[in-house]
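These numbers come from the heavy atoms of this one structure, side chains and all, not from hydrogens, waters or symmetry mates.
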Amino acid sequence: MLEVGSQAPDFTAMLASGERFRLSDHRGRNVVLFFYPRAFTGGCTAEVGGFCDSYGEFVAGNAIVIGISTDGVDRLRRFGEATGAPFGLASDKGGKIRRLYDVRRRFGLGMLGTSRITYVIDGEGIIRGAFHDELRMTSHVQNALRTLEDLT
């Protein structure tokens, strides 16, 4: 996991909408990046749902919300439609962003997965919050909102 106070690595990703998202294009706004393992799983659906339920609060905190997984764009489009996500879902199919943000999780036999980590990045591109919890999905939303409150 990257350190609070460090510069957030810039990246470009394809969103489920077909648009490209580049982090540095959103300087001046807070960005909440949440990494989740796989679309359509119970935990990930619950996590995305939590961000959906609190989306208005994120917007009020001058924040853009982006969910990132290694799923392909088509799967993310269907997932976004199924969950009603009002924010971008980004594909990291090759795992480049996962490596940049140190969200790789090791399983037995050297298999890699994605850890459930959320970053709050301020308008200058500095990481102001970093949260890891594999089991309490709602903690990501609560911690991100508290961090945004501290930024205002």
Side-chain angles (χ1 to χ4, degrees), residues 1-41 43-105 112-133 137-138 140-149 151-152:
M1 196 159 71
L2 300 179
E3 296 289 324
V4 171
S6 64
Q7 183 74 39
D10 196 17
F11 67 91
T12 302
M14 184 64 71
L15 298 176
S17 64
E19 300 172 81
R20 290 194 187 279
F21 175 86
R22 182 173 178 190
L23 180 63
S24 59
D25 289 346
H26 298 280
R27 290 286 158 84
R29 303 242 354 237
N30 300 311
V31 177
V32 175
L33 295 180
F34 70 97
F35 291 85
Y36 60 98
R38 187 155 170 81
F40 292 107
T41 61
C44 295
T45 299
E47 184 176 12
V48 168
F51 279 99
C52 289
D53 292 344
S54 298
Y55 183 67
E57 294 175 71
F58 286 106
V59 172
N62 191 34
I64 297 166
V65 177
I66 300 290
I68 302 175
S69 76
T70 55
D71 293 299
V73 172
D74 289 338
R75 184 176 176 88
L76 290 176
R77 181 185 45 74
R78 292 190 310 273
F79 187 53
E81 290 169 357
T83 59
F87 46 80
L89 297 175
S91 175
D92 182 28
K93 190 91 169 135
K96 180 179 178 183
I97 303 165
R98 181 175 70 178
R99 287 187 295 278
L100 276 175
Y101 279 82
D102 194 24
V103 295
R104 293 177 292 171
R105 179 171 52 164
L112 288 177
T114 301
S115 285
R116 200 177 300 281
I117 294 177
T118 298
Y119 290 101
V120 177
I121 301 164
D122 71 12
E124 296 178 11
I126 305 299
I127 296 172
R128 298 298 178 190
F131 315 102
H132 174 236
D133 197 318
M137 289 62 162
T138 58
H140 291 265
V141 173
Q142 295 161 354
N143 287 325
L145 286 172
R146 270 195 294 274
T147 301
L148 287 173
E149 286 176 16
L151 292 176
T152 57

Neighbour count above 12 (heavy atom, 6.0 Å) for Arg27 CZ: yes
pair Val48-Phe87: side-chain heavy atoms closer than 4.5 Å: yes
Ion pair Arg116/Glu47, N-O distance below 4.0 Å: yes
Heavy-atom side-chain contact between Asn143 and Arg146 under 4.5 Å: yes
Geometric class of the Phe35/Tyr119 ring pair [parallel <30°, tilted 30-60°, perpendicular >60°]: perpendicular
Validation row: Arg38, Arg75 side chains within 4.5 angstrom (heavy atoms): yes
Heavy-atom side-chain contact between Leu151 and Val120 under 4.5 Å: yes
Side-chain donor-acceptor contact under 3.5 Å, Asp10 with Ser24: yes
Flag side-chain contact, heavy atom, 4.5 Å: Ile68 against Phe21: no
Residue pair Leu33 / Ile121, side-chain heavy-atom distance below 4.5 Å: yes
Side chain to side chain, Ser6 and Ile126, heavy atoms closer than 4.5 Å: no
Chi angles and distances behind the salt bridge (Lys or Arg N to Asp or Glu O under 4.0 Å) call for Arg128, Asp122: CA-CA 6 Å; Arg128 298 298 178 190; Asp122 71 12; 2.7 Å; yes
Within 6.0 angstrom of Glu81 CD, more than 12 heavy atoms from elsewhere: yes
Heavy-atom side-chain proximity of Phe131 to Met1 below 4.5 angstrom: no
